[in-house]
Amino acid sequence: MTGALADVDHPRTGPPVHDRPWPQARRTARLAAAAPLPAEQVRLAAALGRTLAEPLAAVTDLPGFDTSAMDGWAVAGPGPWRPAGRLLAGAAPAPLSDGTAVEIATGAQLPPGATGVLRREHGRTVRGLLHGEVGPGQDVRPRGQECRRGETLLPAGTRVTAPVLGLAAAAGHDVLVVRRRPTVELLLLGDELLDSGVPGPGLVRDALGPLLPPWLAAAGAEQIGVRGVGDDRDLLREALRHSPADVVVTTGGTAAGPADFLHAALAEAGARLLVDGVAVRPGHPMLLAALPGGRHLVGLPGNPLAAAAGALTLALPLLDALAGRAEPPIRTESAAVDLPGNPEDTRLVPVVRTADGLVPLRFDGPAMLRGLALAEAVAVVPPGGVPAGGRAEVLELP
Ligand SMILES: Nc1nc2c(c(=O)[nH]1)N[C@H]1C(S)=C(S)[C@@H](COP(=O)(O)OP(=O)(O)OC[C@H]3O[C@@H](n4cnc5c(N)ncnc54)[C@H](O)[C@@H]3O)O[C@H]1N2
Ligand code: MOO
C-alpha cells in the first residue's frame with residue numbers, strides 16, 4: 001500500500017516514491033528531520049556521544065599563563081645565573097631578576113622577568129653558578145598559544161568525543177550545550193522469532209534485537225524499548241500510534257507476505273510514507289514514514305542483512321540529522337577486484353580493506369550475517385558495478 005493517510009505535512013521531502021534510487025532515499029531520510037532536536041545543557045560526563053548545539057568557545061586562554069614546557073630552570077637574561085629556589089606547578093611565582101634562575105617544573109607558571117627555560121639535562125652548576133645555552137623564549141609555552149579566551153574551538157554540529165570532553169574541560173567548561181538525544185523504540189515483528197536458545201523447526205532466532213541497538217546508540221539515539229510485537233496488525237497499529245519515541249524502528253513485515261501488516265498498520269496509524277521501497281539490494285522493501293506528532297518510523301526488512309542495509313540507508317541518516325550531527329562527507333575507496341553490480345539497483349556489499357583496495361566478502365545474501373560480521377565497511381556499488389581499480393563509496397559501520 002502506498003500514499004497512506006497524509007495528516008503529517010513534509011514539504012521538504014516531497015511525495016513518496018516507490019523504489020527510490022538509493023542516494024535519494026538516504027537524502028530523504030536526512031531531510032525528514034525538519035530540524036535537529038532542541039538543545040539542552042548537560043554536565044561534561046553526560047555529554048559523550050551528543051552533538052554540540054552551539055560552537056564551543058574557550059572560557060580561558062590556553063595555556064592560561066606563560067608556562068614551562070620542560071623540567072629545568074627558568075632563567076632571566078644571559079647566563080651564567082645564580083640559582084634561587086624552586087617553582088612547582090600550581091605555585092604563583094615571584095619576579096626573577098636578570099642573572100638569576102629558579103628551578104622549575106613542567107607546567108609551572110613562568111616567573112615575570114624570565115626569558116627562557118634551560119632543560120635540566122642541558123644545565124650544569126659550577127661553583128654555585130648555573131651554566132647553559134638558552135635562546136629567547138626557549139621551552140616556554142606562551143599564554144594563549146593554543147587559544148585566546150572567547151575564541152571558537154569547535155563548531156556546532158561537532159560530535160562530543162572523549163577528546164572533545166578533555167578540550168572542553170581544559171578550556172574551562174563544566175557543562176556543554178548539546179542536542180537532545182533522539183529516542184528510539186525497536187519493534188521486532190514476526191511470530192517465528194525466538195529471543196534465546198536454539199530455534200526448533202520453523203522458528204528463527206532474533207538476530208536484530210542484538211544487532212540494531214548498538215548501531216542506533218552509536219548514531220546518538222537513546223533506546224527506550226525493544227519488544228517483540230508478533231504478527232498482530234492491531235497490536236502493531238496501537239504500538240505505532242502510542243509510541244512516545246522520536247523514531248520507531250520496526251523489523252520485518254515490510255513485504256507482501258500474508259503476515260506483512262506494516263503498510264496497513266501505518267495507514268491506520270495515520271502515517272505518511274516518505275520512502276516506500278528503495279532500489280537497493282539487499283534491503284529493497286525498506287521504508288520511511290512520518291508518524292503523527294512529528295515522529296518517524298523506519299521499517300527495516302526482516303532479512304538480517306537487508307535490515308542492516310536499511311539501518312545504514314534510512315535509520316542512521318535520520319538519527320544523525322535529529323541529533324544535529326553534521327552530514328558526513330562521501331568517501332570513496334578503490335576496488336581491488338570487480339564489484340559486480342545489479343542492472344538497476346544499487347548493491348550494498350560487506351567489504352574488507354586490503355593493500356590493493358576493497359575486497360567483497362562472501363556470504364552476503366540478504367538473510368546472512370556471516371559476511372557483515374567480518375566486514376570493515378560496506379561498499380556502495382551503483383547499478384552496473386565497479387570495475388577493479390574503480391572507486392566506490394564506502395559506508396563506515398557504526
Ligand atoms: N512477493 C514478494 N516477496 C518478497 C519480496 C517482494 O518484493 N515480493 N521482497 C523480499 C525481500 S527483498 C525481503 S528483504 C523480504 C522482506 O521481508 P519482510 O520485511 O516482510 O520480513 P519478514 O517476511 O517478516 O521476514 C523475512 C525473513 O527474515 C526473517 N526475520 C525477520 N525478523 C528477523 C529477526 N529479527 N532476526 C532474524 N531473522 C528475522 C524472517 O524469519 C524471514 O525469514 O521479503 C522478500 N519477499
Ligand atoms: O532486498 Mo531483499 O532485502 O533482497 O532481501
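Whatever order the structure lists ligands and atoms in, that order sets their numbers, starting from 1. Just so you know, residue 1 is the first one in the sequence shown, and it goes up from there.
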note = Minimal heavy-atom distance between Leu288 and Ala29, with the atoms involved, is CD2-CA, 3.7 Å
inquiry  = So which atom in Leu48 and which in Arg181 form the shortest heavy-atom distance, rounded to 0.1 Å?
reply    =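 Distance-wise, the nearest heavy atoms are O-NH2, 3.4 Å.
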query = Who else is in Leu374's hydrophobic cluster (ILVMFWY, side-chain heavy atoms under 4.5 Å, direct or via others)?
reply =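 Traced through the cluster, Leu374 reaches Val352, Val359, Leu361.
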ask   = Do any pairs count as a side-chain hydrogen bond (donor to acceptor under 3.5 Å, both in side chains) and have a residue in residues 148-176, sequence neighbours left out, and if so which ones?
value =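 For residues 148-176, and leaving out neighbouring residues, the side-chain hydrogen bond (donor to acceptor under 3.5 Å, both in side chains) pairs sorted by first residue read Asp61-Arg148.
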key: Exercise: do Arg281 and Thr346 side chains pair donor with acceptor under 3.5 Å   =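 Thr346 and Arg281 do not have a side-chain donor-acceptor pair below 3.5 Å.
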inquiry  = Hydrogens and angles aside, do Glu185 and Ser243 bring a side-chain donor and acceptor to less than 3.5 Å of each other?
reply    = yes
Under 4.0 Å between a side-chain nitrogen and a carboxylate oxygen: does that hold for [X] and [Y]?
X	Y	value
Glu396	Arg353	yes
Arg120	Glu103	yes
Arg180	Asp246	yes

remark   = The protein residues that pass the under-4.0 Å heavy-atom test against ligand 2 are Arg281, Pro282, Gly283, His284, Asn303, Ala306, Pro366
key: Within the protein, residues bringing a heavy atom under 4.0 Å of ligand 1, chain by chain   = Glu192, Leu193, Val204, Arg205, Asp206, Ala207, Leu208, Gly252, Gly253, Thr254, Ala255, Asp260, Pro285, Pro301, Gly302, Asn303, Pro304, Ala306
